[in-house]
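Report on the structure given below.
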Number of protein chains: 2
Amino acid sequence: MLKNVEFVDKLRSSGLRPTKQRLKICEVLFNRDKTFHFTINDLAKNISEKLNEKISLATVYNTVHAFKAKGYLKEISINSDRSYFDTNTKIHHHFFDEDTNELIDCDDDDIEKINVKKNITGKKINSVEVLIKVASDNQNQK
Amino acid sequence: MLKNVEFVDKLRSSGLRPTKQRLKICEVLFNRDKTFHFTINDLAKNISEKLNEKISLATVYNTVHAFKAKGYLKEISINSDRSYFDTNTKIHHHFFDEDTNELIDCDDDDIEKINVKKNITGKKINSVEVLIKVASDNQNQK
DNA sequence: TCAACAGTTTAGAATAGTTATAATGTAGTT
DNA sequence: AACTACATTATAACTATTCTAAACTGTTGA
């Protein structure tokens, strides 16, 4: 459980002013045990519910993008109709539950190291990430 | 190089009427050696350029979705601002070139078999796909 | 402490991609 | 040829996201 002061420092050290709104967003995003996967809408709703306060949607967008640019958040593509963000910014793999649309982080040792045998000339590999789609194990899968 | 007749059969056998527009779209999509990765917009532009004929955007959407539902096309998530489709409908991996935003199919043997060691109870794995992001191999990467 | 400035927030307008609608058109069957 | 169900189309509607411009607020330095 991080303190406000720590968020202030964190923001300041990355050149972002520690404003009321940003601190609240930090609270919601980073005061958690588990990784948080969310869409901007989820986040905005979460803020107004948890903190009983409304932050303009535009500000939520701005802040999330600022945090992404600073490397505090990572954007994830699962389906194209919505952007997901992840508080876990390391390169890592995901399970995606097609029944619930829920995204679940993999631990490093859930998946054996991936061996890429092909190279693209002049290009270097920046990331290798796996997406495992799962659904309920019975006849009527989606 | 498939003939029109083959497309007619293909459509008919999957319960889609072989209309002018659908046949033209088939031509553009499936008369290729290589896999085709595209957005709806790419496709619409491609049609009007190649065939010198305009198909209503709504029809392109309808048709692409119909083809997807029938399993002739696959939707791919790389970045969330646009939907990409792929004429290669098998489970397969991709390189994504961050410099050019180009998507490249992997051959089956470009990547060693992926060993998933974790299970989610009550869920079965539908697909395991890898996305390898690459960028030009010099100091000013994006 | 306070003025000044640059960075922030905000509501609302604007945009882009996509989907819905409803009228018109057409393939296939009889 | 006529009928019917399915398709196409233009346009309107919708949704997620970005832009804009004015008001506001941390921060800095006098």
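First the proteins, then the strands, lettered A, B, ... as listed; each starts at 1.
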Nearest-nucleotide pick for A:Ser56, side chain only, options being D:dA16, C:dG17, C:dT10: C:dT10
Side-chain donor/acceptor of B:Arg17 to base of D:dA5, under 3.5 Å: yes
Atom-to-atom span, NZ of B:Lys20 to P of C:dG25 - whole angstrom: 12 Å
Presence of A:His65 side-chain N/O under 4.0 Å of D:dT18 phosphate oxygens OP1/OP2: yes
Along DNA chain D (nearest heavy atom to each residue), the more 5'-positioned of B:Gly15 and B:Lys54: B:Gly15
Protein-nucleotide distance (B:Asn62, atom CG; C:dT19, atom C1'), rounded to Å: 9 Å
Shortest side-chain distance from A:Pro18, nucleotide among C:dT8, D:dA10, D:dG26: D:dG26
Listed nucleotide nearest any side-chain atom of B:Gln21, set D:dT17, D:dT9, C:dT10: D:dT9
Whether A:His65 and A:Tyr61 hold their rings parallel, tilted or perpendicular, with breakpoints at 30° and 60°: tilted
Mutual orientation of the aromatic rings belonging to A:Phe67 and A:Phe30 [parallel < 30°, tilted 30-60°, perpendicular > 60°]: tilted
Value in whole Å for how far the P atom of C:dG25 lies from CD1 of B:Ile55: 18 Å
Length of the CG-C1' vector between B:Leu16 and C:dA27, whole Å: 13 Å
A:His93 side chain to A:Asp108 side chain, donor-acceptor N/O pair below 3.5 angstrom: no
Below 4.0 Å: OP1/OP2 of D:dT17 and any side-chain N or O of A:Ser83: yes
Side-chain H-bond candidate by donor/acceptor type, B:Lys124 with B:Asn126, under 3.5 Å: yes
Closest nucleotide among D:dA10, D:dA16, D:dT8 to the B:Ala58 side chain: D:dA10
Any A:Arg12 side-chain nitrogen or oxygen under 4.0 Å from OP1 or OP2 of D:dG26: no
Rounded distance in Å - NZ (B:Lys24) to P (D:dA7): 18 Å
Whole-Å distance separating the CD atom of B:Glu75 from the C1' atom of C:dT18: 11 Å
Nearest-neighbour nucleotide for the A:Thr19 side chain, C:dT18, C:dT9, D:dA10 considered: C:dT9
Euclidean distance, atom NZ of residue A:Lys70 to atom P of C:dG7 [Å, nearest integer]: 12 Å
Between B:Asp86 and B:His94, a side-chain donor and acceptor under 3.5 Å: yes
B:Tyr61 side-chain proximity, nearest of D:dA7, C:dT19, D:dT9: C:dT19
Between D:dA7 (C1') and B:Phe67 (CZ): distance, integer Å: 12 Å
